[in-house]
Amino acid sequence: MIIVSICDLRYLCLSLFKIVGPDSTIAELTDFICAAQMAKASDALMGELEEKPKQFFNDYPNHKKRRMLDYGKKQRFEKKLLNGDDEQIRLPIPMIGYGVPTEPGCITHRTLPEAAIGPPYFYYENVALTPKGVWDTISRFLYDVEPEFVDSKYFCAAARKRGYVHNLPIENRYPLLPLPPHNINEALPLTKKWWPSWDPRTKLNCLQTCVASAKLTERIRKALEDYDGTPPLSVQKYVLEECRKWNLVWVGRNKLAPLEPDEVEMLLGFPRNHTRGGGISRTDRYKSLGNSFQVDTVAYHLSVLKEMFPGGINVLSLFSGIGGAEVALHRLGVPLKNVVSVEISEVNRNIVRSWWEQTNQKGRLIDLADVQQLDADRVEHMFNSFGGFDLVIGGSPCNNLAGSNRHSRDGLEGKHSSLFYDFFRILNMVKDLTTRH
DNA sequence: GAAAGGATGATCGATCAT
DNA sequence: ATGATCGATCATCCTTTC
């Protein structure tokens, strides 16, 4: 039974911004929404309590204050309230979304919810493997569009499991050419010579923000060189574990190494030296790259824009990072008229700016620092001076969702990941402005 | 100071064993 | 069916080294 519709939720959200103003925190916002849902749903809950009271109390302990860390229970709660008829969002096997160029089984038709249909087009990205219920919430806010889960291992030699919520057409997509190498030994041909037969990997795992230290690879080398030829199974197991955990590749006899920043750029579909701005350390390059789009994957989804906008597009790019969206559109040959790029990191803004200059862009790049400072007035002003935005694109922070985070995997309400609600807020403003014109 | 190294589990699903 | 096991994962904080 659907108790609170997505429209109600959006109106609640928007009215809260009007009531308490843009300075209110996300925690206040979500508390408000939860309280409103509670009130609206109380009648139906009484019915449900009669049916299976025990399960209810197991699932939803009786506390007034919402705690950050019990997102799982809260999300189940919300799901039951809002989406009781639907199954929880599941990841597809294989993880190819509506289809990828290299695999059979392409879906060419879907029906979008009425409220989701553009203009503007929007494209939202985040990690696929989140705590439970996160994608249900994201999908509900983004007009009930079902996420498209795609693993970039179908586009390049490294895995990258991501969910994409967008309202783009899915017919007649095409990949960037030339197709990038799909296996490790094609992408990194020099490793082939040293690759032992007992290492069965053909794809790398997800490229992350940290890489293994030289000390670690030295320890592995020492462990291997005790044996002439094939090491015993126990050593093989240890080495392969470290290889998979740290994405190590073979660069010499018994010698493993982490990927170079150049190689990560190539695997992610960026031009060589894309992140080699002035004064950026190796560590910072890995960090910026690890937080980025896989360009070929995103470009495949965006390729439908090429025919629709032969004269170019205006883009609002939120959480731009090192400009994965901009690079993807450029490589597709979609002219960039006006690009508003919002990115908190100055280093990343410099990277995008110098890419913009190096590629001789004819359009205009406006870079801003903070999505939270992007209020209705500024959006409306830019909207009017450009004649609207054709695409709102971005991937909001994943650090409170990602599995690698031991310290603060707090879910969508976490300090950084809650900026998702700013993506929704800004997209919704653009949507309103577009329909008004 | 800046860069690199090292220690730090948990979640969730898929697969396997019972 | 049900529980055990396995494997992947856009990270953060503090210490050490340069």
Side-chain angles (χ1 to χ4, degrees), chain A residues 68-73 75-76 87-95 124-136 149-153 156 158-164 200-201 203-220 237-238 240-247 257-259 261 264-265 267-270 275 279-295 297-298 319-325 343-345 347-348 394-412 414-417 419-420:
Chain A
M68 277 306 193
L69 291 176
D70 62 4
Y71 50 80
K73 292 191 169 103
Q75 298 294 356
R76 279 204 294 280
E87 289 296 312
Q88 183 144 11
I89 290 176
R90 305 186 89 84
L91 301 176
I93 304 171
M95 198 184 280
Y124 173 82
E125 177 260 11
N126 216 321
V127 291
L129 280 60
T130 65
K132 244 180 202 166
V134 167
W135 276 108
D136 298 84
F149 292 102
V150 182
D151 189 338
S152 292
K153 75 177 180 182
C156 68
R160 206 168 186 79
K161 299 178 181 68
R162 296 295 180 267
Y164 306 89
R201 293 175 298 153
K203 303 272 185 184
L204 294 160
N205 279 340
C206 184
L207 306 169
Q208 306 202 94
T209 56
C210 298
V211 295
S213 66
K215 298 275 179 66
L216 173 69
T217 59
E218 183 60 18
R219 286 198 294 273
I220 295 175
K237 185 163 181 280
Y238 159 70
L240 283 176
E241 262 181 33
E242 296 295 316
C243 283
R244 293 193 165 105
K245 191 197 304 179
W246 292 105
N247 262 334
L259 298 169
V264 181
E265 284 168 349
L267 287 163
L268 290 176
F270 288 92
T275 58
I280 177 171
S281 76
R282 210 178 152 78
T283 315
D284 284 342
R285 288 180 73 182
Y286 286 123
K287 186 173 178 189
S288 291
L289 285 162
N291 281 303
S292 175
F293 286 170
Q294 205 288 326
V295 170
T297 312
V298 173
F319 314 101
S320 301
I322 57 174
E343 166 60 36
I344 198 74
S345 154
V347 166
N348 286 347
S396 65
C398 70
N399 35 2
N400 304 123
L401 311 176
S404 311
N405 189 345
R406 278 97 155 141
H407 190 261
S408 52
R409 196 183 188 187
D410 298 336
L412 201 56
K415 185 179 175 189
H416 305 286
S417 294
L419 290 173
F420 158 75

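Letters go in sequence order (proteins before strands), and every chain restarts at 1.
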* Classify every nucleotide of nucleotides 5-15 of chain C by which part a protein heavy atom approaches to under 4.0 Å, writing B for the base, S for the sugar-phosphate alone and - for neither, in 5'-to-3' order. => ---SBBBBS--
* Is Y286(A) close to T275(A) at the side-chain level, that is, under 4.5 Å between some pair of heavy atoms? ->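 When only atoms from C-beta onward are counted, Y286(A) and T275(A) do not touch, as no gap falls below 4.5 Å.
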* Which base, if any, makes a Watson-Crick or G-U wobble pair with dG9(B), both distances under 3.5 Å? ->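 Pairing partner, where one exists within any strand: none, as none qualifies.
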N/O donor-acceptor pair under 3.5 Å between [X] side chain and [Y] backbone:
X: R409(A); Y: L401(A); answer: yes
X: N205(A); Y: N247(A); answer: no
X: N400(A); Y: S417(A); answer: yes
X: N126(A); Y: G395(A); answer: no

* Mind checking the CD1-CZ spacing from I322(A) to F270(A)? Nearest 0.5 Å is all I need. =>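 If I round to the nearest 0.5 Å, the distance is 3.5 Å.
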Return all side-chain donor-acceptor pairs below 3.5 angstrom for residues 207-217 of chain A, not counting sequence neighbours, or 'none' if the list is empty.
unit_1: Q208(A); atom_1: OE1; unit_2: S404(A); atom_2: OG; d: 2.7
unit_1: S213(A); atom_1: OG; unit_2: L216(A); atom_2: N; d: 3.2
unit_1: T217(A); atom_1: OG1; unit_2: A214(A); atom_2: O; d: 2.8

* Asked: By a strict heavy-atom criterion of less than 4.0 Å, which residues belonging to residues 211-219 of chain A are in contact with DNA chain B?
  ->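 Within residues 211-219 of chain A, the residues near DNA chain B are S213(A), A214(A), K215(A), R219(A).
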* Asked: When rounded to the nearest Å, what value does the distance between P atoms of dC10(C) and dG6(B) take?
  ->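 Going atom to atom, P in each nucleotide, I get 23 Å.
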* Same-atom distance (C1') from dG9(B) to dG7(C), integer angstrom ->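 Between the two C1' atoms, the distance is 14 Å.
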* Assign each of L91(A) and R282(A) to its nearest nucleotide of DNA chain B by heavy atoms, then name whichever residue's nucleotide is nearer the 5' end. =>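 Of the two residues, R282(A) wins.
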* Asked: Name the one of F420(A), F149(A), Y164(A) that satisfies ring-ring contact (aromatic ring centres under 6.0 Å, His included) with W135(A)?
  ->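 One option only clears the test, and that one is F149(A).
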